[in-house]
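See below for the structure under consideration.
In the text below, chain A, chain B and the rest are named by the order of the sequence lines, each starting its count at 1.
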There are 2 protein chains.
Amino acid sequence: MLELFFKKVNEKINLTEEEQAACAQYFISKKLRKKQYLLQAGDVCKYSAFVEKGILRSYTTDEKGAEHIMQFALEGWWIADMYSFLTGEPSIYNIDALEDAELLLLSSAAQEKLFHQIPKFERYFRILIQNNMIAMQRRLIGSLSLSAEENYVHLINANPGMLQLVPQHMIASYLGITPETLSRIRKQLATRR
Amino acid sequence: MLELFFKKVNEKINLTEEEQAACAQYFISKKLRKKQYLLQAGDVCKYSAFVEKGILRSYTTDEKGAEHIMQFALEGWWIADMYSFLTGEPSIYNIDALEDAELLLLSSAAQEKLFHQIPKFERYFRILIQNNMIAMQRRLIGSLSLSAEENYVHLINANPGMLQLVPQHMIASYLGITPETLSRIRKQLATRR
DNA sequence: AAGCGGCGTTGATGTAAGTCAAGCAAATCT
DNA sequence: AGATTTGCTTGACTTACATCAACGCCGCTT
């Protein structure tokens, strides 16, 4: 159940066998069906979720009903509304599954205990947050200064695989463009070689 | 020297007199002339800076020579490249002063000692980082989904005062639009009342 | 005081991306 | 299997913003 989790964690910090064994109690495993919500806007984000299998996304819906995807979480990634999770305020994001998924959930109480028992995990989560911050900064600068095509190419280069796993109109939403525009960009790129 | 600093800190956590007195040793005060760099791209960001007086900005310069402003720091705000600061990697950002400024600098070594002596500061900085994250998320969603005019209005509403303090072309750069477009937007808004 | 450079404005024109509408193929439901 | 929905594409047209160029206004310098 936690194979992928330990693989990813051990890329950043090194856990002993005992530490690994001690981890397990803190996580709740959960399966999600396609289109099922993990979090709905207005609710409090009670868990950080590690994706063992499947794909999730977080997004907001604006007044005009348009969805804006904040984040995808492929296998081996974390997803949550960190703000709501840490403060207990209601979230403005929805999180749902693009396909059937298996998750490991960590509540904030469990997280604190985990930090206390295995302090290395503080480091692990700090690294995750840092990486998240720089990714968001890059994305912001991209959206302010690059063309839709450039942003698309960067996304796909940084993340091949995604293209097969995520429907195209969601990639468009993530990039902040319409599905039509993305379709035309892809046509351009295809013929231009 | 640290009046504004304590005022801001005490909005989030409550320091006793003794704690305040103990703080002082960890900070280095520094004055910056208008246009002077606190950090140049390629260097490591050795300090987080609290702005006692003046205004700073962080920005990148792209291949075409255009500047993209990541953050402004008005009086009472913090500025740094958190990533470079925490990892020791060279920064991609420049940080400089828009006008003569007075800063309190905190090195990462000093920060650790401060956390150790007054653990409340961990909380304080965690709150800062959280607020920074949600601000960045909002800005990203804005830039993906709103018009230039809407983004401008939100910025000014969230931050009156800024308009008087920051040159208009830098606000344009922050919003990811040209100075000409911002000028036209402002004209629109002015005549439309 | 004269000269200069930076900043904001305005106009004319260009272009990337949005909108609306239609059509088709594949997936999903009954 | 037939019906319905969902996702992707394509075309015609519109729109928001960029680009280029010119001009006036201050605040510097000397």
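Of the side-chain N and O atoms in A:His169, one or more sit less than 4.0 angstrom from OP1 or OP2 of D:dC8. At the phosphate of D:dT9, neither OP1 nor OP2 sits under 4.0 Å from any side-chain N or O atom of A:Lys187. A close approach under 4.0 Å does not occur between any side-chain nitrogen or oxygen of B:Ser147 and OP1 or OP2 of D:dA16. Taking 4.0 angstrom as the limit, B:Thr181 places a side-chain polar atom (N or O) nearer than this to OP1 or OP2 of D:dA18.
For the pair A:Leu146 CG and C:dA16 P, the computed distance is 14 Å after rounding to whole Å. When rounded to the nearest whole Å, the span between NZ of A:Lys64 and C1' of C:dT19 equals 13 Å. In this structure, A:Glu67 atom CD and D:dT6 atom C1' are separated by 14 Å, rounded to whole Å. For the pair B:Arg184 CZ and D:dC17 P, the computed distance is 12 Å after rounding to whole Å. Rounded to a whole Å, the CD atom of B:Gln188 is 11 Å from the P atom of C:dT10. Atom CG of A:Asp62 and atom P of C:dG18 are 14 Å apart (whole Å). If you take CG of B:Asn151 and P of D:dA16, they are 15 Å apart, rounded to a whole angstrom. Residue B:Leu144 contributes atom CG, which lies 14 Å from atom P of D:dC17 at whole-angstrom precision.
Geometric assessment of A:Arg139 against the ring of A:Tyr174 yields a positive cation-pi assignment under the 6.0 Å and 45° thresholds.
Nearest heavy-atom pair, A:Asn94 versus A:Thr61, reported as atom, atom and distance to 0.1 Å: ND2-OG1, 3.9 Å. The two atoms that bring B:Glu19 and B:Asn14 nearest to each other are OE1-O, 3.9 Å, heavy atoms only.
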- Task: Starting from the C-alpha separation in whole Å, work towards a yes-or-no answer on side-chain contact (heavy atoms from CB on, under 4.5 Å) for B:Lys35 and B:Asp96.
- Result: CA-CA 6 Å; B:Lys35 300 207 175 179; B:Asp96 65 13; 5.8 Å; no
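Judged by closest nucleotide on DNA chain C, B:Met170 is the one of B:Met170 and A:Ile177 placed further toward the 5' end.
Panel note: side chain A:Asp81, backbone A:Ser91; no donor-acceptor pair is recorded below 3.5 Å.
With hydrogens and angles ignored, a donor-acceptor pair closer than 3.5 Å exists between the side chain of B:Glu180 and the base of D:dC20.
In this structure, the nucleotide among D:dT19, C:dG18, D:dT9 sitting nearest to the side chain of A:Thr178 is C:dG18.
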